[in-house]
Colleague: 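One structure, as structure tokens, below. Some questions next.
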Amino acid sequence: MKTKIWHITKENEIQTYLEAAKLLQAGEAVAFPTETVYGIGADATNEQAVAKIYEAKGRPADNPLIVHIADQSQVHEFVKEVPDNAKKLMHTFWPGPLTIILPLRTGRLAANVTAGLDSVGVRMPEHPVALGLLAVAGIPVAAPSANRSGKPSPTSGEHVEEDLSGRIAGIVFGGKTGVGLESTVIDCTLEMPAILRPGGVSQEAIEAVIGPVISEAKEVAQQEAPKAPGMKYTHYAPKAPVAIIEGDAAFFQQQIDLAEKNGEIVGVLVSDELEAQLRKSEYMMGLGSKAYPEETAYRLYDRLRHFDHTLVTLIYAEPFAKIGIGEAVMNRLEKAAGGHYIRQSEER
Ligand code: TXA
Ligand code: MG
């Protein structure tokens, strides 16, 4: 399949939306930027169209998709009811990086969107290109992140091309994304809402609006099946294995030296502060200052992907504080590492 590429400019904006929307309406899969990561969209009411997403990504069939809308009122087309908590969240955070799980109104969406569940995840994105395309298409659009299943999500059109060129009908290039990590997923079908995936909206910000919520990511024991089906799969992983090194700068340097002595080529993923304390190396990638966790979130996937184009055989990363967006950063980093930590305290 030849993948049609558009580069959005002020001049061709409307024309691009019209062409891309036409493909979506015709049941094709088209990738586009959102303020979190790039998504690959298809008509959420068309089962064959949605099947093309699973096919292109190589995504397991039991992992449901998020439905994207351009206007809050569209929710009622396919949602049975909107609980008060959810109304408050929509009012405060939409458009924005928050996906809300709501009770499904049966018969309105293709069954493979929700993977057979009686709930549906809904999001109104904040990116002007996403909103423009969704508004012109006029249909609810199912859209997971536009990466091959298991890889880090795409934060640029080039990342999408790398993974999906030849596998989908089109890619709308609209520059870099904003947050750089996926939306927060919150289940509002429960008495006490639960965060299933930390993301662009922090738990602190949510609790300021609706009071205490459960955090699945923090509280669910590893052996229990996660409630967001997607969270059980290997995710966000570059080709080389990742380990998180917990300790001081001397310990971090010692781990690099040890690995190199064993013939490894070590990619290093650290804050500016730690970078300044380590010996310079060709494969050191900065994640920005610890004072700006938003910058770390924004860079993470790009840096993880970058290592796939180098010779590194092992990646050592620094842990960041699990506060605000840092919660989502560490969630992704721990998944990329498969939970593998090397801790100074245990070494002593
Ligand atoms: O920021 C984002 O959310 C991006 C952009 C493109 O909007 N999309 C995205 O989609 O990250 P995806 O498919 O990569 O992740 C969706 C997550 C998965 O973990 C999935 O299991 C969960 O949301 N999910 C979707 N519908 C659900 C439902 N009804 N119940 C529980 N979890 C659900
Ligand atoms: Mg994804």
Side-chain angles (χ1 to χ4, degrees), residues 29-42 44 50 53-54 56-69 78-80 93-105 109 111-127 129-131 133-134 140-155 159-160 163-164 172 174 177-190 193-201 216-217 220 225-237 297 301 325 328 331-332 335-336:
V30 176
F32 56 89
T34 83
E35 82 283 21
T36 56
V37 299
Y38 273 69
I40 163 180
V50 172
I53 293 179
Y54 285 91
K57 279 183 63 93
R59 182 176 176 109
D62 67 348
N63 190 5
L65 308 179
I66 295 170
V67 177
H68 294 65
I69 53 178
F78 52 86
V79 162
K80 202 157 37 179
F93 298 111
W94 279 7
L98 183 69
T99 295
I100 306 178
I101 310 286
L102 294 164
L104 177 70
R105 186 185 289 273
L109 297 176
N112 50 355
V113 169
T114 55
L117 298 176
D118 57 5
S119 63
V120 57
V122 195
R123 173 164 119 77
M124 179 179 170
E126 196 174 15
H127 197 287
V129 174
L131 282 175
L133 177 58
L134 290 168
V141 170
S145 49
N147 50 287
R148 288 279 293 168
S149 210
K151 294 231 313 181
S153 299
T155 53
H159 293 164
V160 181
D163 278 19
L164 297 177
V172 181
T177 54
V179 182
L181 297 178
E182 299 84 346
S183 62
T184 302
V185 177
I186 186 163
D187 188 347
C188 283
T189 65
L190 309 166
I195 295 178
L196 306 185
R197 176 178 75 181
V201 176
E216 289 284 336
V220 165
K227 297 233 173 67
M231 299 309 278
K232 71 172 177 280
Y233 295 106
T234 308
H235 254 49
Y236 322 115
Y301 286 152
I325 187 80
N331 172 272
R332 306 306 191 272
K335 289 231 182 298

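Keep in mind the model is a prediction, meaning the values are calculated, not measured. Counting convention: from 1, in listed order, for ligands and their atoms alike.
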Colleague: Kindly identify the option in Arg197, Glu35, Arg123 whose heavy atom sits closest to atom 17 (C) of ligand 1.
Modeller: Arg197
Colleague: Hey, does Ser183 have a side-chain heavy atom less than 4.5 Å from the side chain of Leu98?
Modeller: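 No, side chains not in contact.
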Colleague: Would you kindly specify which portion of Arg59 sits under 4.0 Å from ligand 1, judged on non-hydrogen atoms: side chain, backbone, both or neither?
Modeller: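 The part of Arg59 near ligand 1 is the side chain, not the backbone.
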Colleague: With respect to atom 30 (N) of ligand 1, which of Val141, Ile101, Leu98, Thr36 exhibits the smallest heavy-atom separation?
Modeller: Ile101
Colleague: Counting distance only, does the side-chain N/O of Asp163 pair as donor-acceptor with the main-chain N or O of Arg148 below 3.5 Å?
Modeller: yes
Colleague: Is the shortest side-chain heavy-atom distance between Ile66 and Val122 below 4.5 Å?
Modeller: no
Colleague: Ignoring angles and geometry beyond distance, decide whether Glu182 reaches within less than 3.5 Å of ligand 1 through its nitrogen or oxygen atoms.
Modeller: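 No.
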Colleague: With a 6.0 Å cut-off on ring centres, are Tyr38 and Phe32 close enough?
Modeller: no
Colleague: Can you list the ligand 1 atoms lying under 4.0 Å from a non-hydrogen atom of Ser119?
Modeller: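 Answer for ligand 1: 28 (C), 29 (N), 30 (N).
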Colleague: Just jot down the ligand 1 atoms closer than 4.0 angstrom to any heavy atom of Leu117, in number order.
Modeller: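 So the answer, numbered in order with elements, is 28 (C), 29 (N), 30 (N).
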Colleague: Identify whether the distance between the nearest side-chain nitrogen and carboxylate oxygen of Glu182 and Arg332 falls below 4.0 Å.
Modeller: yes
Colleague: Tell me which part of Pro64 gets within contact of ligand 1: side chain, backbone, both or neither, using heavy atoms under 4.0 Å.
Modeller: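 The answer is both, backbone and side chain.
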Colleague: Check ligand 1 against Ala143 and write out every atom of the ligand that is under 4.0 Å from a heavy-atom position of the residue.
Modeller: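 Close to Ala143: 6 (C), 8 (N), 10 (O).
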Colleague: State the atoms of ligand 1, each with its element, that fall below the 4.0 Å cut-off from a heavy-atom position in Ser183.
Modeller: 1 (O), 2 (C), 3 (O)
Colleague: Specify side chain, backbone, both or neither for Leu196, according to which of its non-hydrogen atoms lie closer than 4.0 Å to ligand 1.
Modeller: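 Side chain only.
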Colleague: From the Mg ion (ligand 2) out to just under 2.8 Å, does an N/O/S atom of Ser153 turn up?
Modeller: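 Looking at Ser153, which is the residue asked about, there is no N, O or S atom under 2.8 Å from the Mg ion (ligand 2).
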Colleague: Go through ligand 1 atom by atom and flag the ones less than 4.0 Å from a non-hydrogen atom of Ser145.
Modeller: 8 (N), 9 (C), 10 (O), 12 (P), 14 (O)
Colleague: Less than 4.5 Å apart, side chain to side chain, heavy atoms only: is that true for Ile186 and Ile101?
Modeller: no
Colleague: Does even one non-hydrogen atom of Pro97 get within less than 4.0 Å of ligand 1?
Modeller: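 In this structure, Pro97 fails to qualify as a contact of ligand 1 - no heavy atom is under 4.0 Å.
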Colleague: Find all atoms of ligand 1 within a distance of less than 4.0 Å from any non-hydrogen atom belonging to Asn63, and give their numbers and elements.
Modeller: 18 (C), 20 (C), 21 (O)
Colleague: Any donor-acceptor pair under 3.5 Å linking the side chain of Lys57 with the backbone of Gly150?
Modeller: no
Colleague: Using a 4.5 Å cut-off on heavy atoms from C-beta on, say whether the side chain of Tyr54 contacts that of Leu65.
Modeller: yes
Colleague: Side chain to side chain donor-acceptor pair (under 3.5 Å) with Thr34: which of Arg123, His68, Glu126, His127?
Modeller: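 Result for side chain to side chain donor-acceptor pair (under 3.5 Å) with Thr34: Arg123.
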